[in-house]
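Predicted model only: the values in this text are computed from it and were never measured. These values consider heavy atoms only, across backbone and side chains, with no hydrogens, waters or symmetry-generated copies. In what follows, every chain begins at residue 1, and chains take the letters A, B, ... in the order their sequences are listed.
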Number of protein chains: 2
Amino acid sequence: MSVTAAKGFQAAGIAAGIKDSGNPDLALVVNRGPRLAAAGVFTSNRVKAAPVLWSEQVLKGGLVSAVVLNSGGANACTGPKGFQDTHATAEKVAEALELSAGEVAVASTGLIGELLPMDKVLPGVDKAASQLSEHGGEKAAIAIKTTDSVHKTAVYEGHGWTVGGMAKGAGMLAPGLATMLVVLTTDAALDSEVLDKALRDATRVTFDRVDSDGCMSTNDTVLLLASGAAEVTPGYEEFAKAVRLVCDDLGRQLIGDAEGASKDIKVEVINAASEDEAVEVGRSIARNNLLKCAIHGEDPNWGRVLSAIGTTKATFEPDELNVAINGVWVCKNGGVGEDREKVDMRYREVVVTADLAAGTETATIWTNDLTADYVHENSAYSS
Amino acid sequence: MSVTAAKGFQAAGIAAGIKDSGNPDLALVVNRGPRLAAAGVFTSNRVKAAPVLWSEQVLKGGLVSAVVLNSGGANACTGPKGFQDTHATAEKVAEALELSAGEVAVASTGLIGELLPMDKVLPGVDKAASQLSEHGGEKAAIAIKTTDSVHKTAVYEGHGWTVGGMAKGAGMLAPGLATMLVVLTTDAALDSEVLDKALRDATRVTFDRVDSDGCMSTNDTVLLLASGAAEVTPGYEEFAKAVRLVCDDLGRQLIGDAEGASKDIKVEVINAASEDEAVEVGRSIARNNLLKCAIHGEDPNWGRVLSAIGTTKATFEPDELNVAINGVWVCKNGGVGEDREKVDMRYREVVVTADLAAGTETATIWTNDLTADYVHENSAYSS
């Protein structure tokens with residue numbers, strides 16, 4: 001269902017030949033209206049890919065009639081020529097669909113530092129335009145995969161309206177968005193200001209708290225498009241919840257498919273003095289390579305959790321810290337707690353709970369374990 | 001030569017039975033004077049091991065007559081009992097050598113969260129005291145090894161005075177000192193204020209810029225002891241240089257022996273607006289898991305360098321960044337530079353140079369690649 005679950009949208013996914021493998025590598029999502037409202041959130045990396053620079057400008061207008069996405073090349077660190085290529089791609093979409101290029105967003109993913117093969121991309125746009133369909137959401141989700149082992153989609157059904165979406169991402173997953181391209185669509189009748197607020201409220205507590213490997217991408221893009229085709233305007237809280245649930249679902253799918261990972265690790269920080277401090281501590285734990293290795297080895301090495309907490313500026317006293325792994329409080333008051341032999345770590349999901357004993361705020365960060373497979377995938381990626 | 005290269009020092013290294021393997025695990029370094037001046041630098045982790053809390057107090061007095069070090073257990077996150085054990089160890093040294101316990105520093109390394117076997121440690125102190133020798137430096141260096149594959153020592157010969165030292169450390173190497181225990185000795189006649197300044201000036205640009213895996217230890221300790229036995233007082237600049245060179249030498253040995261590493265990576269940041277910004281950018285590059293994997297795969301993936309720079313707040317323009325790998329400028333002006341095929345990465349040392357084009361300051365951070373062996377060593381460490 002994906003991006004075509006909501007009424008008013010068409011999509012396509014095709015093989016343009018950008019990837020040497022011949023796998024699908026170009027997707028098109030078109031909003032047929034009646035509204036063209038849109039919002040976007042982009043990487044906070046200061047080195048931004050050409051399509052991010054382009055799409056940020058497009059989104060300032062609050063209107064998006066189409067999104068063209070490619071895998072097989074990030075078009076990042078490609079200079080003025082890279083930006084011209086993004087521009088030409090948007091113009092090509094506009095020409096094929098009789099739209100304004102200023103309302104066409106572009107997203108790319110793949111290797112940094114190489115120009116896209118425009119002799120493949122531009123004919124690919126025509127091919128995708130010819131295959132647009134109200135049932136094309138699945139194909140579009142498949143065409144944006146890079147090292148993803150599965151395509152990722154999610155849908156929320158409201159009362160007479162729908163939010164659907166697709167995502168790609170399997171590595172370079174870190175805050176300020178993970179390395180991800182996400183397109184969400186809805187047929188609710190909403191303007192771009194409401195979309196923007198709902199999208200930011202949702203990404204702040206979902207994608208921004210997915211931190212697989214601490215590496216921030218140059219290409220992260222999350223778009224939310226509204227067609228208004230359902231002719232229903234839900235209340236803000238209800239709509240915002242729908243967007244948050246779809247983002248949360250997609251975020252969990254990203255973690256579940258992270259490169260080389262064998263464990264999905266939920267880092268819960270509780271009893272923090274503030275939400276910001278809870279997030280700071282959660283990230284520090286989630287990024288600790290030694291702990292990530294220990295969890296890979298199914299070793300409840302809580303000392304590495306304390307060591308990670310100790311590097312933060314959060315409010316806590318070392319001798320008041322408590323840590324549970326899968327519900328067993330292996331560290332109490334900064335020292336040895338329950339018997340570590342009680343911890344069962346055989347399953348994919350591992351929950352690390354850090355109790356700061358400093359307040360009432362909480363935050364959850366999702367990460368993965370560090371594995372030999374991660375090293376293998378990422379040492380051979382561009383060679 | 002190690003800690004007994006300088007006159008006035010004795011040392012010993014013995015097997016106390018703390019390690020199940022029966023390998024040496026307890027070292028003693030004694031300053032026979034005439035002076036007992038000392039300085040120390042400790043982990044900036046807020047979760048500090050018991051011996052760190054103890055030794056910080058000892059060093060406030062500026063006098064150290066002996067240092068007792070053990071491997072096989074960190075005595076971190078061990079609560080009041082752990083601190084009592086550290087205290088008892090210092091008292092035992094004082095009793096065996098007829099010293100004041102308040103002048104005995106203690107350092108420990110090994111697994112966090114377990115009490116030391118004091119029935120092994122205390123008899124071990126007596127055994128070490130009985131074997132003290134002016135030639136014991138090598139044995140002491142061997143006794144503090146954990147996952148180190150080799151022991152680490154360095155010596156600098158001044159005009160009539162000497163600085164020598166030993167170090168251990170192979171993992172959890174990150175700033176605010178790496179996971180390391182270091183004891184430096186000198187026979188120069190200097191007071192503790194001069195030692196303190198020279199030690200801080202040296203560690204700031206050496207150990208603090210060793211960042212193997214971004215993980216900060218609870219036990220880092222660097223001590224500098226002066227006996228005055230050479231009866232020579234060198235000028236500050238000369239002495240500070242000697243301490244810096246010995247620290248630099250030991251720091252390079254730590255990187256060269258980092259757990260599972262196959263590459264030593266020198267990250268040079270040049271043309272930064274300030275030294276602090278150069279360090280910030282250097283650390284961001286040094287901690288990028290994706291880049292560390294790429295270097296392991298001998299892949300000059302400069303896009304990951306730019307992506308890491310882009311996450312910092314340093315002064316730069318994305319389209320003015322230049323990156324060289326082993327001297328080949330593979331990225332120029334934020335885009336593709338020289339042919340990446342020219343980069344020869346077959347050797348252990350890899351130099352990544354990031355030119356921020358924003359000023360005249362520089363900094364160098366040392367790190368390692370990320371390997372399957374690192375994952376293996378750290379997923380099986382405490383099991």
Side-chain angles (χ1 to χ4, degrees), chain A residues 44-48 74 76-79 81-82 111-115 171-172 176 213-218 287-290 293-299 301-304 306-312 316 318-319 321 331 333-336 370-372 374-383, chain B residues 44-48 74 76-79 81-82 111-115 171-172 176 213-218 287-290 293-299 301-304 306-312 316 318-319 321 331 333-336 370-372 374-383:
Chain A
S44 52
N45 199 310
R46 290 170 59 201
V47 175
K48 295 180 203 299
C77 307
T78 45
K81 179 68 171 72
L111 190 62
I112 299 174
E114 293 189 356
L115 290 166
M172 212 189 268
D213 59 8
C215 297
M216 191 194 293
S217 160
T218 52
R287 290 184 173 185
N288 190 281
N289 277 352
L290 288 172
C293 287
I295 290 176
H296 176 55
E298 303 187 345
D299 170 11
N301 195 325
W302 58 267
R304 292 175 181 175
L306 258 63
S307 176
I309 297 172
T311 64
T312 71
F316 69 84
D319 59 0
L321 294 171
C331 169
N333 298 318
V336 180
L370 185 55
T371 71
Y374 175 89
V375 173
H376 179 73
E377 283 203 38
N378 288 298
S379 60
Y381 185 61
S382 79
S383 323
Chain B
S44 52
N45 198 310
R46 290 170 59 201
V47 175
K48 295 181 204 297
C77 306
T78 44
K81 179 67 171 73
L111 189 62
I112 300 175
E114 293 188 355
L115 290 166
M172 212 187 268
D213 59 8
C215 297
M216 190 193 294
S217 160
T218 52
R287 290 183 174 188
N288 189 281
N289 277 352
L290 288 172
C293 287
I295 290 176
H296 176 54
E298 304 187 346
D299 169 10
N301 194 326
W302 57 267
R304 293 175 179 174
L306 258 64
S307 177
I309 298 171
T311 65
T312 71
F316 69 84
D319 60 359
L321 294 171
C331 169
N333 299 319
V336 181
L370 185 55
T371 71
Y374 175 88
V375 173
H376 178 73
E377 284 204 37
N378 288 298
S379 60
Y381 184 59
S382 79
S383 325

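Once rounded to the nearest 0.5 Å, the distance linking CG of B:Leu306 with CD1 of A:Ile112 reads 8.0 Å. Put simply, SG on A:Cys77 and CG on B:Asn333 are 12.0 Å apart, with the number rounded to the nearest 0.5 Å. B:Ser217 OG to A:Leu290 CG: the interatomic distance, rounded to the nearest 0.5 Å, is 10.0 Å.
Within the 4.5 Å cutoff, side-chain heavy atoms of B:Asn301 are placed close to those of A:Leu111.
Partners of A:Thr78 under the side chain to side chain donor-acceptor pair (under 3.5 Å) rule, at least two apart in sequence or in another chain, are A:Asn75.
For A:Arg46 (side chain) and B:Pro318 (main-chain N/O), no donor-acceptor pair under 3.5 Å exists by modelled atom type.
Across all their heavy atoms, A:Val375 and B:Ala372 have their closest contact at CG1-N, 3.7 Å.
Most heavy-atom pairs under 4.5 Å with chain B, from the set A:Ile295, A:Thr371, A:Asp319: that is A:Thr371. Ranked by heavy-atom pairs under 4.5 Å with chain A, the list B:Ala74, B:Gly335, B:Gly113 is led by B:Gly113. Put simply, of A:Leu115, A:Leu370, A:Ile309, the one with the most heavy-atom pairs under 4.5 Å next to chain B is A:Leu370.
Looking at B:Leu321, the atoms closer than 4.5 Å to chain A (heavy atoms on both sides) all sit in the side chain, from C-beta outward.
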